[in-house]
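Structure first, then comments.
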Amino acid sequence: MTADEFRAALARLAAGVVLVTAHDPEDGPRGEDVGMTATSFLSVSLDPPLVMVSVRNGSRMDDLLERQPLWGVSVLAESQRHIAGRFAMKGRISDRLLFEDIPYERGKETDAPLVRGALAVLECRTEQRVPAGDHTLVIGRVLRTDTPATESGPLTYFRGRYRQLG
Ligand SMILES: Cc1cc2nc3c(=O)[nH]c(=O)nc-3n(C[C@H](O)[C@H](O)[C@H](O)COP(=O)(O)O)c2cc1C
């Protein structure tokens with residue numbers, strides 16, 4: 001099996017898109033926020049409530065979550081494709097600029113930016129880190145959730161493109 005064959009098979013798994021975020025208390029005088037678009041997010045356990053995301057080793061998010069355990073997840077709505085696109089870019093511009101015109105609230109438990117208009121937001125504390133190839137499985141305990149009233153559909157990713165359901 002080639003890498004292309006591997007990618008082609010997985011591209012046929014429709015996935016919800018989330019923005020994983022965290023606040024870096026050490027980076028700069030006022031701290032900096034980091035965000036990463038992800039489709040590897042999933043629920044792991046009900047009791048205790050655990051979720052997981054697979055984070056590429058050496059990425060900005062990996063570096064931050066090695067140092068501090070608090071992070072947030074925003075489940076993106078179909079209208080938030082531009083946010084997913086922006087936070088999937090390799091970090092050439094400052095993280096602070098990436099968040100500049102995006103409405104968010106800071107998580108009560110984690111200080112992580114939680115995107116306004118997301119279908120749901122979760123705040124998590126890392127419970128376990130499992131090395132897995134060129135990624136690390138970051139398993140987090142869910143400290144708080146918020147599911148605002150909305151009729152909006154989810155942003156999904158399928159065959160290499162962002163999609164709306166239906
Ligand atoms: C649809 C989509 C899903 C992604 N899912 C993940 C993921 O689950 N884990 C991950 O580490 N990177 C994922 N990425 C890539 C990251 O969003 C991107 O590489 C990262 O934000 C760049 O950070 P860096 O500049 O620190 O490498 C995904 C990208 C896209 C477009």
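What you see below is based on every heavy atom in this structure, not just the backbone, and it leaves out hydrogens, waters and symmetry mates. This structure is a prediction, so every number in the text was calculated from the model and none was measured. Both counts, for ligands and for their atoms, begin at 1 and track the order of listing.
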Find all atoms of ligand 1 within a distance of less than 4.0 Å from any non-hydrogen atom belonging to [X], and give their numbers and elements.
{"X": "F87", "answer": "17 (O), 21 (O)"}
{"X": "R60", "answer": "26 (O)"}
{"X": "Y157", "answer": "1 (C)"}
{"X": "S40", "answer": "7 (C), 8 (O), 9 (N)"}
{"X": "S59", "answer": "26 (O), 27 (O)"}

**Study point:** ligand 1 contacted by Y162 (non-hydrogen, < 4.0 Å)
**Key:**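 So Y162 counts as touching ligand 1.
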Practice item. Take every heavy atom of V55, measure it against each atom of ligand 1, and state whether any distance is under 4.0 Å. Key: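 True for this residue.
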Exercise for review: Any pair with a residue in residues 157-166 that passes salt bridge (Lys or Arg N to Asp or Glu O under 4.0 Å), sequence neighbours left out, goes on the list, sorted by first then second residue, please.
Suggested key: none
Check your understanding: Does D62 pair with R129 as a salt bridge, N-O distance under 4.0 Å?
Key -> yes
Practice item. Examine distances only and state if a side-chain atom of E127 and a backbone atom of V142 form a donor-acceptor pair shorter than 3.5 Å. Key: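 Flag not set: sc E127 to bb V142 has no pair under 3.5 Å.
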Review point. Would you say Q68's side chain and H23's backbone share a donor-acceptor pair under 3.5 angstrom?
Key: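 Such a contact is found between Q68 side chain and H23 backbone.
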**Study point:** Side-chain heavy-atom pair D33, R106 within 4.5 angstrom cut-off
**Key:**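 Side chain of D33 against side chain of R106, heavy atoms only: contact under 4.5 Å found.
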**Study point:** Proximity of S54 to ligand 1 by residue part, where a heavy atom lies under 4.0 Å
**Key:**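 Looking at S54 and ligand 1, just backbone atoms fall under 4.0 Å.
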Practice item. Record the part of H135 in heavy-atom contact with ligand 1 below 4.0 Å; permitted values are side chain, backbone, both and neither. Key: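 For H135, only side-chain atoms sit under 4.0 Å from ligand 1.
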Exercise for review: With L119 as reference, evaluate L76, T147, V75 under the side-chain contact (heavy atoms from CB on, under 4.5 Å) test and give the passing residue.
Suggested key: V75
Practice item. Going by heavy-atom distance to atom 23 (O) of ligand 1, choose the closest among M89, R161, M61. Key: M89
**Study point:** Listed once per pair and sorted, the ring pair (Phe, Tyr, Trp, His ring centres under 6.0 Å) pairs that draw on residues 106-152, sequence neighbours left out
**Key:** none
